[in-house]
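Encoded as structure tokens, the structure appears first; notes follow it.
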Amino acid sequence: MNSLKSDSGAKPAEAPAESGSRSNFIRDIIAEDIRTGKHGGRVQTRFPPEPNGYLHIGHAKAIYLDFGLAAEFGGKCNLRFDDTNPSKEETEYVEAIMEDVEWLGYKWDGLFYASDYFQQLYEWAVQLIKAGKAFVCDLSADEIREYRGTLTEPGKESPYRNRSVAENLDLFERMKNGEFPDGSRTLRAKIDMASPNVNFRDPVMYRILHMEHHRTGNQWCIYPMYDWAHGQSDSIEKVTHSICTLEFDNNRPLYNWYIEQLGIFPSQQYEFDRLSLSYTMMSKRKLLRLVQEGRVAGWNDPRMPTLSGMRRRGYTPEAIRNFAASLGVSKTNGVTQLQQLEYYVREDLNKHALRVMAVLNPLRVVIDNYPDNLVEEMDAVNNPEDASAGSRKVPFSKVLYIEQDDFREDPPKQFYRLAPGREVRLRYGYLITCQSVVKDADGNIVELHCTYDPATRGGNTPDGRKVKSTIHWVSAAHAVDAEVRLYDTLFTKEDPNEVEEGQDFTANLNPNSLEVLTGCKVEPGLRDVEPGARYQFERMGYFCVDPDSKSGKPVFNRTIGLKDTWAKIEQRGKK
RNA sequence: UGGGGAGUCGCCAAGUGGUAAGGCAGCGGCCUUUGGAGCCGCCAUUCGUAGGUUCGAAUCCUACCUCCCCAGCCA
């Protein structure tokens with residue numbers, strides 16, 4: 001007999017080297033580059049999050065591609081924090097991101113920070129100035145915007161565009177030395193104010209920011225812009241395939257321009273469609289708002305699309321990886337349905353979660369013909385999908401709890417569960433027949449009186465008799481009280497951003513996204529469970545032990561319900 | 001109305017001149033001590049629209065329509 005110790009999922013299982021067999025255009029490009037011997041067949045990728053928030057399921061797709069593709073082709077993948085903007089970045093996020101990547105099952109080859117390259121970037125900027133391709137601009141932010149022109153009209157050149165190299169060098173050094181206030185000057189690339197690609201209209205390379213950086217402290221007061229840092233960071237790391245999302249398509253020409261001007265290793269950028277999921281959103285800015293405004297309990301609230309939220313909710317790394325592998329990699333802006341993610345969560349949990357019995361909304365049942373003080377230990381299978389999971393003993397006695405939803409005084413058509421005069425099987429228990437119903441003064445059903453058939457111990461029917469339904473139960477005298485948190489989607493609309501004039505996404509927040517149940521009754525083996533452990537409550541769904549649990553007072557998060565045919569039938573009847 | 005991307009089943013997505021893969025969802029059935037799981041079957045004469053080339057087009061050409069991205073000293 002095995003205990004009920006479940007895999008808590010605390011230790012990350014390493015992801016397989018294969019990134020899946022499904023073909024996609026990026027894989028095709030890499031395969032072709034290897035075939036032609038580009039970079040000597042070497043593959044180097046990187047996952048470059050900005051530490052300004054927690055990782056979400058959309059990042060899982062990027063991680064899967066960055067790490068998965070590198071592994072598939074025998075290459076390497078670095079984790080690089082894109083920390084060029086100290087006003088938004090924090091060490092807390094750096095740590096959370098590393099934890100999440102590891103939890104997902106990936107190991108980075110190199111661990112880097114864009115800030116590692118600040119000195120090199122500075123020297124390269126001096127190089128561009130000397131080449132007459134960058135200048136210090138005294139225009140204010142507003143003026144720069146005005147000078148930039150619009151999408152349909154060209155911009156005008158900055159009056160500071162033709163400063164001498166010597167003056168630019170002097171000014172830039174003084175910018176670095178902290179002689180000028182924030183926003184007073186910028187270093188800009190000298191490209192083309194009339195370019196149809198707005199990114200080429202003398203883009204800002206450095207801004208002055210007297211702000212402490214989470215890693216470089218107060219060493220710098222000028223910080224590089226994304227475009228001036230990203231390509232070069234890739235290049236320094238000899239990244240061969242720099243995979244990013246579609247919105248950076250417009251930045252690719254500038255990415256290439258900087259690399260060409262500097263004559264450094266030619267990393268190449270490829271863009272794929274970022275993941276969008278129905279009923280949620282991936283905007284870190286908006287997720288931050290939910291956290292800051294207290295709309296959720298934190299970045300790891302089980303309703304959040306963050307990896308830490310999903311972890312707390314009970315999603316497994318394996319399920320998320322399988323989901324990522326099932327996704328298409330294209331250039332289409334699509335919205336994947338939540339059900340696709342849920343399918344992979346159920347699939348993995350079905351294979352691995354131990355089955356237990358738990359009654360969420362208890363209804364007391366007294367078995368009138370069962371001996372008053374008898375307690376029988378019934379054999380229960382831990383996981384019918386996995387014989388090695390073994391079995392356990394569950395106590396059975398005269399007074400039990402069953403699910404309120406498993407009884408109907410006036411059963412509708414196709415409702416097979418318990419009803420007056422009807423016989424059902426108590427899983428691993430006995431067949432019982434409902435004899436009478438006890439109600440309180442308000443007419444609520446508070447107790448059922450049933451009889452059992454002693455010949456059906458274990459739920460077997462020696463006479464071959466068929467029962468339509470098997471329901472779960474917990475012995476009242478042995479039950480452990482538990483709190484169960486039920487979750488629904490955080491938003492009521494498939495697209496949370498679809499709002500009426502004057503409203504924002506918070507108008508679509510689902511007021512019923514969290515329902516807390518107390519006084520739930522779970523089998524005695526669940527008295528002391530470890531946070532993170534995952535179970536299937538038979539017939540109810542998958543549940544994960546929350547860190548809020550205390551000995552004898554477990555708290556469970558519903559990861560996801562089981563598919564519910566009866567609910568579907570009932571729903572259909574209502575229409 | 002500048003530039004860049006994209007339009008194949010309800011959703012995601014293969015396909016790249018030879019006669020529409022697959023997954024999710026859905027719908028039937030079988031099986032079942034979870035109305036779970038599993039198993040079997042069904043589910044685009046049609047590829048944004050209209051023309052054209054070709055023996056033959058989702059794939060090539062032309063025009064048009066729709067959607068997304070870019071005007072941060074954000075990434």
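All of these numbers come straight from a predicted model, not from anything done at the bench. Each chain gets a letter, A, B and so on, in the order its sequence line appears, and its residues count up from 1.
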TODO: Could you list the residues that satisfy ring-ring contact (aromatic ring centres under 6.0 Å, His included) with Tyr315(A), not counting sequence neighbours?
DONE: none
Between the protein and nucleotides 28-31 of chain B, which nitrogen or oxygen pairs come in under 3.5 angstrom?
none

- [ ] Could you check whether Pro384(A) gets within reach of a base, just the sugar-phosphate, or nothing at all, counting any heavy atom under 4.0 Å?
- [x] base
Task: Gap between atoms CE and P, on Met357(A) and U33(B) respectively (whole Å) - done: 16 Å
TODO: Pick base, sugar-phosphate or nothing for Gln414(A), based on heavy-atom distances below 4.0 Å to the nucleic acid.
DONE: base
TODO: Check whether the ring centres of Phe396(A) and Trp473(A) lie less than 6.0 Å apart, and answer yes or no.
DONE: yes
TODO: Establish whether the base of G10(B) is bridged to the side chain of Gln337(A) by a donor-acceptor pair shorter than 3.5 Å.
DONE: yes
TODO: Return the 5'-most residue of the pair Thr461(A), Val335(A) with respect to RNA chain B, ranking by each residue's nearest nucleotide.
DONE: Val335(A)
TODO: Give a yes or no on whether a donor-acceptor pair under 3.5 Å exists between the nucleobase atoms of G36(B), that is its base, and the side chain of Arg346(A).
DONE: no
Open item on the list: Among Glu403(A), Glu523(A), Glu538(A), which residue satisfies the salt bridge (Lys or Arg N to Asp or Glu O under 4.0 Å) criterion with Arg427(A)?
Closed with: Glu538(A)
Open item on the list: Over all strands shown, is Asn460(A) touching base, sugar-phosphate only, or nothing at heavy-atom distances under 4.0 angstrom?
Closed with: base
Task: C1'-based separation of C11(B) from A25(B) [nearest Å] - done: 7 Å
TODO: Report yes or no: is there a donor-acceptor pair, N or O only, under 3.5 Å between the side chain of Glu385(A) and the base of G36(B)?
DONE: yes
TODO: On RNA chain B, check which nucleotide each of Thr152(A) and Asp564(A) is closest to and give me the residue with the more 5' one.
DONE: Thr152(A)
Open item on the list: The criterion is side chain to side chain contact (heavy atoms under 4.5 Å, CB included); which residues satisfy it with Thr280(A), sequence neighbours excluded?
Closed with: Leu277(A), Met282(A), Pro305(A)
TODO: Keeping to residues at least two apart or across chains, list the salt bridge (charged side-chain N to carboxylate O under 4.0 Å, His left out) pairs with something in residues 326-351 of chain A.
DONE: Glu271(A)-Lys331(A)
Open item on the list: Tell me if G48(B) is syn or anti. Syn = glycosidic torsion within 90° of 0, anti otherwise.
Closed with: anti
- [ ] Report the residues that fulfil ring-ring contact (aromatic ring centres under 6.0 Å, His included) with Tyr113(A), sequence neighbours left out, ordered by chain and then residue number.
- [x] Phe81(A)
Open item on the list: Using salt bridge (charged side-chain N to carboxylate O under 4.0 Å, His left out), reason through Arg274(A) and Glu247(A) one step at a time and then give a plain yes or no.
Closed with: CA-CA 9 Å; Arg274(A) 69 157 67 230; Glu247(A) 68 272 24; 2.4 Å; yes
TODO: Remember a base hit wins even if backbone is also touched, and classify Ile569(A) as base, sugar-phosphate or nothing at under 4.0 Å, heavy atoms.
DONE: base
Open item on the list: In this structure, how many angstroms lie between the P atom of C12(B) and the CD atom of Glu342(A), rounded?
Closed with: 17 Å
Open item on the list: Run the side chain to side chain contact (heavy atoms under 4.5 Å, CB included) test against Val424(A) and tell me which residues pass, sequence neighbours left out.
Closed with: Leu418(A), Ile432(A), Ser469(A), Ile471(A)
Task: Separation of the P atoms in C27(B) and G10(B), to the nearest angstrom - done: 16 Å
Task: Aromatic ring of Tyr416(A) stacked on base six-ring of G35(B), 5.5 Å, 30° - done: yes
Open item on the list: How many whole angstroms separate atom CD of Glu347(A) from atom C1' of G38(B)?
Closed with: 12 Å
Open item on the list: Quick check on the 6.0 Å ring-centre criterion: do Phe172(A) and Tyr206(A) meet it?
Closed with: yes
- [ ] Could you check whether Lys468(A) gets within reach of a base, just the sugar-phosphate, or nothing at all, counting any heavy atom under 4.0 Å?
- [x] nothing
Task: Sugar-phosphate only, base, or nothing, as touched by Phe272(A) at under 4.0 Å among non-hydrogen atoms - done: nothing
TODO: Kindly say if Thr332(A) contacts the phosphate of A6(B), meaning a side-chain N or O under 4.0 Å from OP1 or OP2.
DONE: no
- [ ] Give Tyr428(A) one of three labels, base, sugar-phosphate or nothing, depending on what nucleic acid heavy atoms sit under 4.0 Å from its own.
- [x] base
Open item on the list: Ser184(A): which residues meet the side chain to side chain contact (heavy atoms under 4.5 Å, CB included) condition with it, sequence neighbours left out?
Closed with: Phe180(A), Pro181(A), Ile208(A)
TODO: Map every base of RNA chain B to its dot-bracket character, where paired means a Watson-Crick or G-U wobble contact with both distances under 3.5 Å and | marks a partner outside the strand.
DONE: .(((((((.[[[..)..(...]]].(((((.......))))).....[[[[[..)....]]]]])))))).....
Task: nucleotides 68-75 of chain B: protein proximity per nucleotide (B base, S sugar-phosphate only, - neither; heavy atom, under 4.0 Å) - done: SBBBSBSB
Task: For Thr332(A), all residues meeting side chain to side chain contact (heavy atoms under 4.5 Å, CB included), sequence neighbours excluded - done: Ser330(A)
TODO: Have a look at Ser278(A) and say if it touches a base, only the backbone sugar-phosphate, or nothing, with a 4.0 Å heavy-atom cut-off.
DONE: nothing
Open item on the list: With rounding to the nearest 0.5 angstrom, report the CZ to CG distance, Arg465(A) to Leu431(A).
Closed with: 5.0 Å
Task: Distance in angstrom units between Leu327(A) CG and C12(B) C1', rounded - done: 7 Å
Task: Pairs where residues 182-197 of chain A contributes a residue and the test salt bridge (charged side-chain N to carboxylate O under 4.0 Å, His left out) is met, not counting sequence neighbours - done: Asp138(A)-Arg185(A)
Open item on the list: What contact category does Gln536(A) fall into here, base, sugar-phosphate, or nothing, at under 4.0 angstrom with non-hydrogen atoms?
Closed with: base
TODO: Report yes if a side-chain nitrogen or oxygen of Thr565(A) is closer than 4.0 Å to either non-bridging phosphate oxygen (OP1 or OP2) of G36(B); otherwise report no.
DONE: yes
Task: Test ring-ring contact (aromatic ring centres under 6.0 Å, His included) applied to Tyr226(A) - qualifying residues, sequence neighbours left out - done: His230(A), Phe248(A)
Open item on the list: Students often get this wrong, so: under 4.0 angstrom with heavy atoms, is Val381(A) touching a base, only sugar-phosphate, or nothing?
Closed with: nothing
- [ ] Mark yes or no for a side-chain to base donor-acceptor pair under 3.5 Å between Gln340(A) and G23(B), with no hydrogen or angle criteria applied.
- [x] yes
Open item on the list: Measure OH/Tyr344(A) against C1'/A25(B) and give the value in whole Å, please.
Closed with: 12 Å
Task: N or O in side chain of Lys466(A) less than 4.0 angstrom from U33(B) OP1/OP2 - done: no
Task: Contact under 4.0 Å: Lys568(A) side-chain N or O vs G26(B) OP1/OP2 - done: yes
